[in-house]
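Here the structure is laid out as structure tokens; the discussion comes afterwards.
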Amino acid sequence: MPGASTHSWHPVMSADTTEPRYWWNWRFCLCAIWVLASMIAASILIWKYEGHDGERSQREAENQRSPVGTLYADEAWRPCLKQLHPAWLLAFRVLAFSLLSALLAIYVVVDGRGVFYYYTQWTFTLVTLYFGLGSLLSVYGCYQYVNKVGGAKVNHTRLDHEQGECIAHTDVGNSNARSMKKCSVSQEEHSDREIAGFWGYLFQIIYQTNAGAVMLTDCVFWLVLFPFLTMKKYDLNFFLVGMHSVNAVFLLVDTFLNQLRFPWFRISYFLLWTSIYVIFQWIVHACVPVWWPYPFLDLSSNHAPLWYLLLAVLHAPCYAIFSFVIKLKHFLLSRWFPQSYQCLK
């Protein structure tokens, strides 16, 4: 690739990828079936659970429980702990965006634009964009938070009076303590919370795409490619280690700070992300005779369909790893900070 570093290890080309016979065979047909099946399944999930904005609003109006994919506007910028000011989450996101942007820029300067030939750099760029968009949403959120806190102080007396009426009503009706709790919960469930707009949902989608993609890149690198490169006596450099570790660290820290939910159906965006990358590689190799960035993408091997199928199946455990991290967060923080933790599962 033009501008690629001479320090990078390039696999040896096994065949001319521009020849028609490289593509017109049973191996490519099976691999194409795996990729297209993943994209079709992902599209069905998106259509079923995301739907249109109008359909989502209608479902919310008809049901007391919001749909599984619903995102409230304040969940994009509000920390998961009540006593934690949104400015702390803003500061972390700005720091993460600055460091990731600097690392990516230096990497491009050193190795050239050819670094975007790799799935790792695609994902690293997406993580950087996540923190950039998150910083903007947090700035807006801090502004909203300051205004709402000020308004809450002004209306504090009126809120106390309304809560008192609710308690008095349950006492007159000879209700027990459970009824009083139900009244309070009912008020909270029917509170007027603003549904997130386009940028909020885009932020959530990028977050869950990164969750799977980061786990996939880091796990494949450290568990599969790293032992292979070690056998080839390839020296790891600062950028290679950073690209496969820093992104995961920042994303995990943000996960323990933010209030975003993690519905499983959004694995569909993760599948689409990887599928788009694979199709991009197919187009490049059909036009230019060039080495494959990852040996398991080479279609000249008879084991190629097995590798592609394994890669598709690997998306589920990678996504499950991050889902486990989310559950661990709920388990720990809800017990350490029972009065302050405010995430919805």
Side-chain angles (χ1 to χ4, degrees), residues 1 4 8-46 113-127 129 205-206 208-225 228-229 243-244 247 265-322:
M1 293 293 291
S8 300
W9 177 78
H10 296 168
V12 179
M13 289 183 58
S14 57
D16 186 358
T17 58
T18 59
E19 294 183 359
R21 63 180 181 180
Y22 184 85
W23 302 97
W24 296 109
N25 53 66
W26 64 272
R27 297 186 301 273
F28 173 71
C29 290
L30 280 180
C31 293
I33 290 175
W34 307 149
V35 174
L36 291 177
S38 299
M39 297 183 71
I40 292 173
S43 300
I44 292 174
L45 285 175
I46 293 173
R113 64 182 183 275
V115 298
F116 294 106
Y117 189 54
Y118 293 92
Y119 184 82
T120 297
Q121 277 66 49
W122 279 42
T123 300
F124 196 92
T125 302
L126 191 65
V127 174
L129 292 176
I205 290 170
I206 294 176
Q208 294 198 241
T209 303
N210 281 327
V214 167
M215 292 296 105
L216 179 62
T217 55
D218 291 6
C219 289
V220 169
F221 176 79
W222 291 110
L223 299 179
V224 179
L225 295 180
F228 178 77
L229 294 176
M243 285 287 168
H244 296 89
N247 53 357
F265 78 88
R266 288 202 175 106
I267 191 178
S268 54
Y269 295 101
F270 175 31
L271 291 171
L272 288 177
W273 177 254
T274 304
S275 299
I276 291 172
Y277 174 79
V278 172
I279 294 175
F280 163 78
Q281 287 294 331
W282 287 351
I283 295 174
V284 170
H285 283 79
C287 300
V288 182
V290 66
W291 43 268
W292 290 91
Y294 303 101
F296 46 80
L297 293 181
D298 189 355
L299 295 167
S300 62
S301 171
N302 289 331
H303 297 96
L306 181 60
W307 280 112
Y308 274 75
L309 179 60
L310 180 62
L311 181 64
V313 173
L314 194 59
H315 281 64
C318 288
Y319 209 69
I321 291 175
F322 211 92

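What you see is a predicted model; the values in this text were computed from it and never measured. Numbers here are sequence positions counted from 1.
Scanning both residues, Phe116 and Trp122, for their nearest heavy atoms gives O-NE1, 2.8 Å. Between Ser268 and Ile46, the shortest heavy-atom contact is OG-CG1, 3.2 Å. Scanning all heavy atoms of the two residues, the minimum distance from Tyr277 to Leu297 falls at CE2-CD1, 4.2 Å. In terms of heavy-atom proximity, Ser301 sits nearest to Arg27 at O-CD, 2.9 Å. The shortest non-hydrogen separation linking Trp292 to Gln281 is CZ3-CB, 4.0 Å. Contact record, Tyr22 with Ser300: OH-N, 3.5 Å, taken as the closest heavy-atom pair.
Residue Phe124 holds its CZ atom at 11.0 Å from CG of Leu129, rounded to the nearest 0.5 Å. Between the CG atom of Asp298 and the OG1 atom of Thr17 there is a distance of 9.0 Å, given to the nearest 0.5 Å. Rounded to the nearest 0.5 Å, atoms CG (Leu299) and CH2 (Trp23) are 5.5 Å apart. The distance from atom CG of Leu272 to atom CG of Leu45, rounded to the nearest 0.5 Å, is 9.5 Å. Expressed to the nearest 0.5 Å, how far OH of Tyr294 lies from OH of Tyr117 amounts to 10.5 Å. Atom NE2 of residue His285 and atom CG of residue Asp16 lie 11.0 Å apart, to the nearest 0.5 angstrom.
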Anything under 3.5 Å between a donor and an acceptor, one on a side chain of residues 29-36, the other on a protein residue two or more places apart or in another chain? List them.
{"unit_1": "Trp34", "atom_1": "NE1", "unit_2": "Pro305", "atom_2": "O", "d": "3.0"}

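A side chain to side chain contact (heavy atoms under 4.5 Å, CB included) with Gln208 holds for exactly one of Tyr269, Phe270, Tyr319; it is Tyr319.
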Does Thr274 form a side-chain hydrogen bond (donor to acceptor under 3.5 Å, both in side chains) with Tyr119? I'd like the steps, not just the answer.
CA-CA 8 Å; Thr274 304; Tyr119 184 82; 2.9 Å; yes
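Atom CH2 of Trp24 sits in a sparse spot, with 12 or fewer heavy atoms from other residues, nucleotides or ligands closer than 6.0 Å. Enclosure of atom CH2 in Trp282 by more than 12 non-hydrogen atoms of other residues, nucleotides or ligands within 6.0 angstrom is indicated.
With Asn210 contributing its side chain and Ala213 its backbone, the two residues share no donor-acceptor pair below 3.5 Å.
At least one side-chain heavy atom of Val220 sits under 4.5 Å from a side-chain heavy atom of Leu314. Taking 4.5 Å as the limit, every side-chain heavy atom of Leu306 sits out of range of all side-chain heavy atoms of Leu310.
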